[in-house]
There are 2 protein chains.
Amino acid sequence: MRDLANALGIEAASIYSHIRSKEEILQRVCFRMADEFFGAIEAVKDENASATEQLKRAISAHVQVLTRNTEASAVFLQEWRHLSEPHHTEFLALRDRYENYFREIIRLGIASGEFQVPDEKFAVLTILSGLNWIHTWYKPEGKMKPAEIAENLSAMLLSGLKKNLN
Amino acid sequence: MRDLANALGIEAASIYSHIRSKEEILQRVCFRMADEFFGAIEAVKDENASATEQLKRAISAHVQVLTRNTEASAVFLQEWRHLSEPHHTEFLALRDRYENYFREIIRLGIASGEFQVPDEKFAVLTILSGLNWIHTWYKPEGKMKPAEIAENLSAMLLSGLKKNLN
DNA sequence: TAAACAACCTAACGTTCGTTAGCAAGTAAT
DNA sequence: ATTACTTGCTAACGAACGTTAGGTTGTTTA
């Protein structure tokens, strides 16, 4: 709190004119980011597109949110564990719902014959882990732009490392 | 420290008969795990195998270490940031060296025509992110065994989601 | 058998933590 | 013009933190 106050140029105690507690900050960051992720993914939702196309768009949306808010994303991805009840439970429910977006796409892709996957849930976890690692190395001033990152990720996750003989 | 002492059934102050400081525990865990990872990957090293085979073995070795030490792995993957100098710098150097193992395999695979990759460093990061996410959901009593996890990960990372038309 | 050491204890240290109480000044609403 | 609200302040609270000092007891080592 004293560090935060210092960064704001005010006294630690003054923070409490704006928030009720330290945990409230955590809650706000976590649930605002959840909103951002849902907003982004819902904006690119398109029932008529192929599973491949849907997945590409979802990945792109996710990467955009992640790179636009690197610090809040780090909190969202790592610090939600420290949420107190009932927020902890609520957060996990939201995360599940978000994962289900991806799961639906995978399911659709399997049904349409586009995808071939060892395990559905496992596939989603691996995809999201690849996406969620970005915040640890992404730098806005780096040479790889968000759109390019999304493209590369889509390529790797869809086609893998193996040389494509098409 | 008091929590740790409680778990050990002794007083907090008694811990200091065994260690110099709290940070020493962090250092020991981090560098012991680094040893484990290096040991595992060096044990499966085989210059004569194909890049595909080498990558599969490296992934398997990594997953084995990760699942055999879930809690220490969490520390190794997340808490190294809190290492003080010079250990912080030393740790990063080790991590770089470890990533280079994978990078070499990718390079080899590109040279041999086995792999096709948008960006070499990016590929390694995505692979390792997929591996290092495991500790957040893996349960020894779960139905997916380490060997199976490694196999699924290899399949996903090598071939991607797309249906293989071989 | 004496000395050294290991592993624990109790008591307490100084610091940092999140937070509250109470007050002052500026701004907005009635 | 009075009231109420906002945003900041100083001072301080109790709790928790990592750690040290100094002592006791049992086990090794010389």
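A, B, ... follow the sequence lines: proteins, then strands. Residue 1 opens every chain. For the numbers below, each heavy atom of this structure counts, side chains included, while hydrogens, waters and symmetry mates do not.
- Screening B:Lys22, B:Arg28, B:Gln27 for a side-chain hydrogen bond (donor to acceptor under 3.5 Å, both in side chains) with B:Glu24, the sole residue that qualifies is B:Arg28.
- Between B:His88 and B:Trp80, the ring planes are tilted. Angles from 30° to 60° get that label.
- In this structure, A:Glu11 atom CD and C:dT16 atom P are separated by 16 Å, rounded to whole Å.
- Remark: P of C:dT19 and CD of A:Glu24 are 10 Å apart, rounded to the nearest angstrom.
- DNA chain D is contacted by both A:Ala13 and B:Asp3; A:Ala13 maps to the nucleotide lying nearer its 5′ end (nearest heavy atom per residue).
- If you take NE2 of A:His18 and P of C:dT20, they are 15 Å apart, rounded to a whole angstrom.
- B:Val63 approaches B:Leu153 most closely through the heavy-atom pair CG2-CD1, 4.0 Å.
- For DNA chain D, the span of nucleotides reached by chain B at under 4.0 Å from its heavy atoms goes, 5' to 3', from D:dC17 to D:dT20.
- Separating the CD1 atom of A:Ile25 from the C1' atom of C:dG18 is a distance of 11 Å, rounded to the nearest angstrom.
- Contact annotation: B:Ser17 does not reach the phosphate of C:dC8 (side-chain N/O to OP1 or OP2, under 4.0 Å).
- At whole-Å resolution of the value, CZ in B:Arg2 and C1' in C:dA11 are 12 Å apart.
- At a threshold of 4.0 Å, the pair B:Glu53-B:Arg57 counts as salt-bridged, since one of the basic side-chain nitrogens sits closer than that to a carboxylate oxygen.
- Contact check on A:Glu104 versus A:Arg107 returns a salt bridge, with a Lys/Arg side-chain nitrogen under 4.0 Å from an Asp/Glu carboxylate oxygen.
- Side chains of A:Glu90 and A:His87: no donor on one and acceptor on the other come within 3.5 Å.
- Side-chain polar atoms of B:Tyr101 and B:His62 form no donor-acceptor pair below 3.5 angstrom.
- Put simply, CD on A:Glu23 is 9 Å from P on C:dT19, counting in whole angstrom units.
- Looking at residues 74-83 of chain A, you'll see that no heavy atom sits under 4.0 Å from any atom of DNA chain C.
- Side-chain contact annotation: B:Thr89 with B:Glu85, donor-acceptor N/O pair under 3.5 Å present.
- Atom NZ of B:Lys22 and atom P of C:dT16 are 15 Å apart (whole Å).
- Taking a cutoff of 4.0 Å between a charged side-chain nitrogen and a carboxylate oxygen, B:Glu99 and B:Arg103 do not qualify as a salt bridge.
- Rounded to whole Å, atom P of C:dT16 lies 18 Å from atom CE of B:Met1.
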